[in-house]
Number of protein chains: 2
Amino acid sequence: MVKETAERDRYHHGDLRAALLAAAETELSEKGVEGFTLRGCAKRAGVSHAAPAHHFGDADGLLTALAAEGFQRFTWAMRTRQAMAPKGGWTPLEAAGLGYLDFSAANPAMFRLMFSSARPRFDDPSLSPAAEEAFGVLVEAVTDARGANPWADAQGPADVAAAWALAHGMADLLMSGRLKFLNVEAGPQRDKVLAGVLARLLLEAPSAS
Amino acid sequence: MVKETAERDRYHHGDLRAALLAAAETELSEKGVEGFTLRGCAKRAGVSHAAPAHHFGDADGLLTALAAEGFQRFTWAMRTRQAMAPKGGWTPLEAAGLGYLDFSAANPAMFRLMFSSARPRFDDPSLSPAAEEAFGVLVEAVTDARGANPWADAQGPADVAAAWALAHGMADLLMSGRLKFLNVEAGPQRDKVLAGVLARLLLEAPSAS
DNA sequence: CTCGCATCTTTACAGTGTCAACATATATCT
DNA sequence: AGATATATGTTGACACTGTAAAGATGCGAG
């Protein structure tokens with residue numbers, strides 16, 4: 001029992017960085033991106049309002065680190081769906097799309113932070129690899145679906161864009177409550193309905209020009 | 001010459017509501033949704049910081065009115081593309097999609113306000129009809145594309161959702177610079193490339209079950 | 001054991017949205 | 001036309017925000 005006082009009444013927190021990230025996540029999900037407050041995070045973590053600056057610089061720095069964590073979980077959500085694929089019978093691309101929708105539905109504020117905010121610094125060395133890895137999942141799935149490297153032929157990039165746009169658009173519109181006419185709230189047939197929309201995607205086979 | 005002093009040095013502005021809306025639009029496009037400031041709008045309009053309250057209540061009220069105007073122009077952008085359709089050779093649905101992309105590219109901050117912000121009050125009697133009219137353009141175009149009322153058969157709603165999601169996803173991703181691999185910056189062949197992505201949409205004909 | 005440095009707090013300041021009180025001009029009513 | 005109600009703007013104040021500077025504290029390297 002070396003460290004005992006846990007995180008109580010110590011001038012030095014021990015792992016304030018992680019505590020602040022956790023606090024920031026609940027602050028984000030409760031208040032949304034536009035209601036997010038640095039002082040609120042500090043209060044949740046039980047430290048003074050200026051403490052976060054030593055770990056993240058400014059508020060956008062904290063949001064950048066938070067978004068990086070978000071992209072990691074986002075990648076995980078898609079890969080998890082793909083791993084469960086044989087059970088559901090989905091193709092890797094359909095599974096990635098469903099994972100995309102899972103994540104946005106479960107973490108709407110985080111999704112907004114990652115895709116609809118200018119506050120995170122997307123060129124940050126901790127963020128951009130995480131975002132690119134998520135993009136990699138998508139490209140990989142599109143490659144599987146069309147049976148060829150999308151960067152090798154002319155219509156490949158359009159296939160990637162279409163697959164991404166369809167999934168992303170559904171996620172964004174679903175999250176903001178704009179697809180209520182789909183009646184896809186309850187659980188069991190949710191996947192079927194959503195995959196049915198994703199199935200409207202037509203990928204062209206690479207033709208020998 | 002009854003009214004002469006124009007809008008200079010008068011205690012009462014004359015048409016401050018319109019002036020504030022115009023100021024808010026430039027404030028929005030320069031600072032973005034997250035940098036938008038009520039006091040900045042007042043300063044641009046040349047009035048005191050508390051003046052907007054008499055016309056819009058609070059800051060969200062101003063953003064609500066601004067978003068309503070945005071949806072009207074959004075509808076106009078899609079209809080304009082459809083009116084030019086014979087020239088371009090696009091179907092009404094493709095034209096609506098291109099109009100969707102036109103608008104988001106020309107007014108990125110406004111697009112964010114309309115689709116990715118929680119600040120406008122979307123149930124406001126001035127906003128919701130404007131948003132529904134834009135939705136109507138889409139439904140109308142989908143009806144044309146599939147040759148049947150989408151609310152009349154089972155797969156219709158999924159067609160509407162897919163068409164909307166594809167266009168919306170493209171608009172959002174393009175606007176945030178995430179589709180750079182499409183190389184669609186220059187003008188002339190922009191429409192062809194974008195319509196090529198939109199063409200990945202497959203609408204099912206209503207089958208007689 | 002001592003000292004350098006990372007970590008955290010305190011204090012201060014400019015900027016923000018909103019409210020209440022006040023000032024001014026327009027519109028309405030007799 | 002003149003008085004009065006009402007709409008429209010201003011001023012001042014308040015709580016809250018992000019950030020910076022300076023001081024307090026304790027860990028760890030020498």
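As the structure is a prediction and not an experimental result, all values here were calculated from the model. Chain letters run A, B, ... following the sequence lines, proteins first, then strands; residues in each count from 1.
For the pair A/Phe56 CZ and C/dT7 C1', the interatomic distance rounds to 13 Å; values are reported in whole Å. Atom NE2 of B/His55 is separated from atom P of C/dG17 by 17 Å (rounded to the nearest Å). What separates CG of A/Leu20 from P of C/dT9 is a distance of 10 Å, to the nearest Å. Distance B/Arg17 CZ to D/dG9 P: 12 Å, rounded to the nearest Å. Following rounding to the nearest Å, A/Lys43 (NZ) and C/dT9 (P) show an atom-to-atom distance of 13 Å. Summarising the geometry, the separation between CG on B/Asp15 and P on D/dG9 is reported as 9 Å, rounded to the nearest angstrom. With rounding to whole Å, A/Glu34 atom CD is found 17 Å from C/dT16 atom P. Spacing between atom CZ of B/Arg44 and atom C1' of C/dT16 amounts to 15 Å, rounded to whole angstrom units.
Residue B/Ser48 has no polar side-chain atom (N or O) positioned under 4.0 Å from OP1 or OP2 of D/dG9.
In this structure, the nucleotide among C/dT18, D/dG18, C/dT9 sitting nearest to the side chain of A/His54 is C/dT9. Side-chain atoms of B/His49 lie closest to D/dA13 of the nucleotides D/dA13, D/dT8, C/dA12. When distances run from any side-chain atom of B/Ala51 to the nucleotides C/dC19, C/dT9, D/dG9, the shortest one goes to D/dG9. Distance from the side chain of A/Leu38 is smallest to D/dG18 among C/dC8, C/dG17, D/dG18.
Among the candidates B/Arg44, B/Arg73, B/Lys31, the single residue satisfying the salt bridge (Lys or Arg N to Asp or Glu O under 4.0 Å) test with B/Glu25 is B/Arg73.
Note: B/Phe181 and A/Phe135 have tilted aromatic rings, judged against thresholds of 30 and 60 degrees for the angle between ring planes. Using cut-offs of 30° and 60° on the angle between ring planes, the pair B/Trp164 and B/His168 is perpendicular.
The CG atom of A/Leu63 lies 12.0 Å from the CG atom of A/Asp124; values are rounded to the nearest 0.5 Å.
Using a 3.5 Å distance cut-off with no hydrogens or angles, the side chains of A/Arg178 and A/Ser176 do pair a donor with an acceptor.
Closest-nucleotide positions on DNA chain C for A/Ala50 and B/Gly57 were compared, and the one nearer the 5' end corresponds to A/Ala50.
Contact of B/Arg39 with C/dG15 (side chain to base): no donor-acceptor pair of N or O atoms is detected under 3.5 Å.
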